[in-house]
Amino acid sequence: MDNAEKFYITTPIYYVNARPHLGHTYTTVVCDTIARRQRMMGRDTWFLTGTDEHGQKIERSAAAAGCSPKEFADKVSGEFRALWDRMKITYDDFIRTTDPRHMRGVQAMFTRLQERGYIYKGSYSGQYCVFDELYVDAAGVGAPCPECGRPTETVHEENYFFKLSAMEAPLLKYYAEHPGFIRPETRRNEVIAFVRSGLRDLSVSRTSFKWGIPVPGDPKHVIYVWLDALANYMTALGFGSDDERDHKKLERYWPADVHMIGKEIVRFHCVYWPAFLLAADLPLPHSIIAHGWLLFEESKMSKSRGNIVRSDTILDTLGQDALRYFLLREIVFGQDGSFSFDALVQRYNADLANDLGNLSSRTLSMIARYFDGEVPYPSASARTSADNAIEALAQQTIADFHAQFEQFQFSRALEAAWTLVAAVNKYIVENEPWAVAEREDTDSRPRLATILHTSVEALRIVTALAHPIIPEATARIWMQLGLGDIKQLDLRRLAWGQIPLGTKLGKVEPVFPRADKSVVERMQQMEQENSAAPVAPTVAASGTTATDIPQTGTPAIPQTGTSPKINASTTKTEKPGAPLIPSVGMSGTSPSHTVGDKITIDDFLKIEMRVGQIKVAEKVKGADKLLRMEVDIGTEVRQVVAGIAKAYDPEKLVGRKVVIVANLQPRKLRGLESNGMIVAASLGEEGLPVLAGFLEDVPVGAKLK
Ligand code: MSP
């Protein structure tokens, strides 16, 4: 392959704080389709994916699950990998940011930037958004993040800074000289406007948490997660390694041809990443392609919105080709697109079961019946203008398909291919080969041979073009065409008239069984069961740990990728799962609560919960777990003593809004009267508290019910 042109494509590396869902699958399927096609075009292709495992968000999710960050990351990263394997995604490497090769590479990158004078030490005081892992301009304690609206945290840190401000002019110059660097155009314009508005230096280390890659020579600091994460595209090829073989790989494949990303991470990829690379004097990727979002129930599919659909549900019912076809055909690449089970089944039935499925089964079964399963010889004298029209359309389709695909317009490319499918199906109906076969005149046999030759050629061309998108079904059709392994096909040479005449067909079988209506219900039911079945205990009082409560079964994720049976009865297997959801408890006192018992609404209404704001917070002398707080609950200021000192610095709590159980009998802790209880999640074995809060601004004293 050394003489072949190379092609290197990457997905974003996915965070391990959320399990894989259809949104992640979308990006991975797009990249897999591109990679498969590039291989068929003779390019020496390298396809990288992986998981992003460091940062405070993951550290907290792990604490919530009651395990170490590494254990947590191992589990979720394993789920991503298992899904890609199940879907037969053709990735060449899977990088984890906890891999030693990556950690070494990131440190090498940091040192290189430092040695080149782009990193200096400074200090920062302000608001930090844990979700976005970003310092933000927000008004003050608890103020919402301007990016995502979640409450920010106040931090005072001494950090390493990257001289991003110095990269403003070089970046703008680079964008101007490389018009194809950021696509689509709208994203490019946004990025240019953002850089033009001015860049401030970027903090590239953190001391507020530990779960990251230590700064070389100053391990109190961990390297900023985005510097860590972005470097994966090079560390996976061996950047920072001493091994000669790795250098060859890096030389061979870097710079990347395509970084495929979702539109929400454009700034990191199109501003920070090229800035780091320019500063490090390393080559920049050729292109960064941002796609839109997959929407479900009208908003972006994401764990935090709670509207995810798991890919497994579709794999268990309709199979991977149906899913891949839908994602590429239905969503106009670059724009947001909606997912629905109805639309999925409709597309599947219309385009695959009906259009392509019919073309394939009737063409092949007629060749089997009338020509003993051998591709017939067409006859020039039996040819009509209808055959010429199909040939011309097929040649045009090849050209259009390639042109659209090169522009990432997958839906248009497929539309072009299916125009050919529809035309051939119409041609078959109009030319009635079954009627010609009944005739006994001398012209009928050559005409029948010509009709079926025209049909089979068109089928072969569509099958070849569609292979990167629906690899399983097309590989089967290819075998049925008697052409062997479709992977051997050189797509660059695809043209009309190449099927060897007399080719013996393989066993003819239906490829796309029709899906009946019950499949939609079944998929909906599977998703409902999945979201209803707790992966971990949901409610426990403080003092009770997650492991005290019996777990119910999690939904089935069979690991095999066998061909789907399309009906409503998919079998399920049990899959043990470590808890990913924290328990919720009360911090301050230990209420008696029997797990499993139900209370009436009247019981619940007896509890008065209010929004309070912490005015004063200080440690209680001689008690390392306790904080004494004065909390404004709208009608009065209460003294509350709570066991949260291990998780919260008192000074960071002042101003924070919390939930208070306001009608508890007072009790004394270390001689101090506690008048109420603060609501918090209780995480892991140690019952680490995390205070309950609100995304929206809520007035002090507001009642919860
Ligand atoms: N870890 C960072 C990326 C670091 S890359 C150096 C991250 N991870 S993520 O888990 O949040 O994944 C984000 C990516 O997943 C998106 O950019 C997109 O590729 C894909 N998607 C996740 N949800 C999606 C949709 N609902 N729709 C489309 N793509 C989605 O950001």
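Residue numbers start at 1 and run along the sequence shown. Order of listing sets the numbers, starting from 1, for every ligand and every atom in it. Owing to the predicted nature of the structure, the values given are computational and were not obtained by experimental measurement.
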Among side-chain atoms of [X] and [Y], is any donor-acceptor pair under 3.5 angstrom?
X	Y	result
Y120	N159	no
E53	T97	no
Q525	E529	yes

Test: D257 and K6 ion pair at under 4.0 Å: yes

Ionic contact status for K57 with D52, cut-off 4.0 Å: no

Could you tell me which atoms of ligand 1, counted from 1 in the order shown, lie closer than 4.0 angstrom to a heavy atom of [X]?
X	result
K300	23 (N), 24 (C), 25 (C), 26 (N)
G292	28 (C)
D52	1 (N), 2 (C), 4 (C)
A229	6 (C)
H21	23 (N)
H291	18 (C), 19 (O), 28 (C), 29 (N)

N232 (side chain) donor-acceptor with R96 (main chain) under 3.5 angstrom: no

Can you report which non-hydrogen protein atom sits closest to [atom], along with the distance?
atom	answer
atom 17 (O) of ligand 1	E264 OE2, 2.7 Å
atom 27 (N) of ligand 1	L294 N, 2.7 Å
atom 8 (N) of ligand 1	Y15 CD1, 3.2 Å
atom 6 (C) of ligand 1	Y233 OH, 3.5 Å
atom 30 (C) of ligand 1	G23 O, 3.3 Å
atom 18 (C) of ligand 1	T27 OG1, 3.3 Å

Any F296 heavy atom less than 4.0 Å from ligand 1: no

Whether K263 lies under 4.0 Å from ligand 1, heavy atom: no

Stacked cation flag R150 on F131, 6.0 angstrom / 45 deg: yes

Stepwise ring-ring contact (aromatic ring centres under 6.0 Å, His included) check, F162 with Y160: CA-CA 7 Å; F162 171 72; Y160 287 91; over 10 Å; no

Give me the ring orientation class for [X] and [Y]: parallel if the planes are under 30° apart, tilted from 30 to 60°, perpendicular past 60°.
X	Y	answer
H21	H24	tilted
Y26	F333	tilted
F80	Y14	parallel

For ligand 1 and [X], I'd like to know whether there is a polar contact (N/O to N/O, distance under 3.5 Å).
X	answer
M301	yes
G262	yes
P12	no
W293	no

W226, Y14, F268: member with heavy atom nearest to atom 4 (C) of ligand 1: W226

Winner among D336, I13, I265 once heavy atoms are compared against atom 2 (C) of ligand 1: I13

Closest contact, heavy atoms only, K210 versus V222: O-CG1, 3.4 Å

H269 and ligand 1 - part of the residue with a heavy-atom distance under 4.0 Å: side chain

Output field: ring centroids W226/F276 closer than 6.0 Å: no

